*Asks:* 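The structure follows.
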Amino acid sequence: MSRAFFARAATVVAQQLLNKILVSADGRAGRIVEVEAYLGAVDPASHTFRGRTLSNAVMFGPPGHMYVRFTYGMHWCCNCVSGPVGGGCGVLIRALEPLHGLEQMRAVRPRITRDRDLCRGPARLTEAMGISGIQNGIDLVGASEGFTIVDDGMAPPRNPVGGPRIGISQGKDLPLRWSVPGNRHVSGTASQQH
DNA sequence: ATGACGATTGAG
DNA sequence: TCAATCGTCATA
């Protein structure tokens with residue numbers, strides 16, 4: 001399997017995830033507007049680059065499951081495993097446009113003043129949606145534990161915005177970050193915003 | 001056993 | 001620009 005193959009496969013899944021809706025166990029929901037693909041063994045930025053460990057095991061499992069990772073000693077990040085089984089590939093969900101349950105989101109994120117910022121960033125959205133290590137490994141397709149990704153009929157953007165991934169020290173060369181054009185709920189650095 | 005480093009965020 | 005904060009993993 002070539003690096004190009006993994007890049008293309010994960011990129012397809014990542015782009016297809018745009019405009020789908022992530023729903024929490026208690027009905028909070030947001031439209032996925034920004035994602036990043038991670039390619040496993042061929043990708044130095046991937047948590048699975050150095051092989052399987054206790055904490056990243058979910059990424060080597062079946063696609064459609066949620067991989068949740070604790071980072072910076074205080075934040076959680078949420079991924080959708082993209083397969084194939086054993087590949088260690090996945091899609092990091094980086095931003096949601098809040099749709100339902102905003103009252104609960106505001107309640108758990110009291111310091112966020114603008115609704116636009118509730119799910120703008122990978123750690124912000126996990127807190128707003130009530131996602132933590134407890135959900136690591138759950139099936140997002142079967143929705144056996146409440147969390148799921150649903151399709152309300154809105155197609156993925158025909159021309160998603162592509163660019164380098166954020167917050168990584170290696171693997172910055174590939175354009176594996178994808179977002180919905182013009183969406184105000186997409187995250188980014190101050191210079192990239194405006 | 002230990003140290004370096006993170007798929008970030010919020011404050012100054 | 002920089003501190004907060006601690007689990008994980010490579011190295012010894």
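Chain identifiers are assigned alphabetically (A, B, ...) following the order of the sequence lines, protein sequences preceding nucleic acid strands; residue numbering begins at 1 within each chain. Treat the numbers as computed from the prediction; the structure is a model and nothing was measured.
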*Asks:* Could you give the start and end, 5' to 3', of the contact zone on DNA chain C for chain A, using atoms under 4.0 Å from its heavy atoms?
*Replies:*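 Taking any atom under 4.0 Å from a heavy atom of chain A, the span is C:dA4 to C:dA10.
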*Asks:* Do any pairs count as a salt bridge (charged side-chain N to carboxylate O under 4.0 Å, His left out) and have a residue in residues 60-85 of chain A, sequence neighbours left out, and if so which ones?
*Replies:* none
*Asks:* Among all residues two or more places apart in sequence or in another chain, which pass the salt bridge (Lys or Arg N to Asp or Glu O under 4.0 Å) test with A:Arg109?
*Replies:*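 Residues passing salt bridge (Lys or Arg N to Asp or Glu O under 4.0 Å) with A:Arg109: A:Glu127.
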*Asks:* Going by side chain to side chain donor-acceptor pair (under 3.5 Å), name the pairs with one or both residues in residues 129-140 of chain A, residues two or more places apart or in two chains.
*Replies:* none
*Asks:* Considering only residues two or more places apart or on different chains, which pairs with a residue in residues 26-39 of chain A satisfy salt bridge (charged side-chain N to carboxylate O under 4.0 Å, His left out)?
*Replies:*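 Listed by first then second residue: A:Asp26-A:Arg28, A:Arg31-A:Asp152, A:Glu34-A:Arg94, A:Glu34-A:Arg177, A:Glu36-A:Arg94.
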*Asks:* Using nucleotides 5-9 of chain B, report all nitrogen or oxygen pairs with the protein that are shorter than 3.5 Å.
*Replies:*
from	atom 1	to	atom 2	distance (Å)
B:dG6	OP1	A:Ser169	OG	3.3
B:dG6	N2	A:Gly73	N	3.2
B:dA7	OP1	A:His47	NE2	2.4
B:dA7	N7	A:His47	ND1	3.4
B:dA7	N7	A:His47	NE2	2.7
B:dA7	N6	A:His47	ND1	3.3
B:dA7	N1	A:Asn79	OD1	2.1
B:dA7	N1	A:Asn79	ND2	3.0
B:dT8	OP1	A:Arg94	NH1	3.2
B:dT8	OP2	A:Gly167	O	3.2
B:dT8	O2	A:His75	NE2	2.9
B:dT9	OP1	A:Pro122	N	3.2
B:dT9	OP1	A:Ala123	N	3.0
B:dT9	OP1	A:Arg124	N	3.3
B:dT9	O4'	A:His75	NE2	3.4

*Asks:* Share the residues that join A:Leu92 in a hydrophobic cluster, the rule being Ile, Leu, Val, Met, Phe, Trp or Tyr side chains under 4.5 Å apart at the heavy-atom level.
*Replies:* A:Tyr38, A:Ile168
*Asks:* Taking only residues two or more places apart in sequence, or in another chain, which ones meet A:Arg124 in a salt bridge (Lys or Arg N to Asp or Glu O under 4.0 Å)?
*Replies:* none
*Asks:* Evaluate the side-chain proximity of A:Val161 to A:Val180: yes if any heavy-atom separation is below 4.5 Å, no if none is.
*Replies:* no
*Asks:* What stems, by residue range, does DNA chain C take part in, given at least 3 consecutive Watson-Crick or G-U pairs under 3.5 Å?
*Replies:*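 Consecutive-pair runs (3 or more) involving DNA chain C: B:1-6 with C:6-11, B:8-11 with C:1-4.
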*Asks:* If hydrophobic residues (ILVMFWY) are linked whenever their side-chain heavy atoms come closer than 4.5 Å, directly or via other members, who joins A:Val23 in its cluster?
*Replies:* A:Ile21, A:Leu99, A:Val150
*Asks:* For A:Glu97, which residues count as a salt bridge (Lys or Arg N to Asp or Glu O under 4.0 Å) partner, sequence neighbours excluded?
*Replies:*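 For A:Glu97 there are no salt bridge (Lys or Arg N to Asp or Glu O under 4.0 Å) partners, ignoring immediate neighbours.
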*Asks:* For A:Arg111, answer base if it contacts any base atom (sugar-phosphate contacts may also be present), sugar-phosphate if it contacts only those atoms, and nothing otherwise; contact means non-hydrogen atoms under 4.0 Å.
*Replies:*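 Sugar-phosphate only.
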*Asks:* Could you work out, with salt bridge (Lys or Arg N to Asp or Glu O under 4.0 Å) as the rule, every residue matching A:Asp151, not counting sequence neighbours?
*Replies:* none
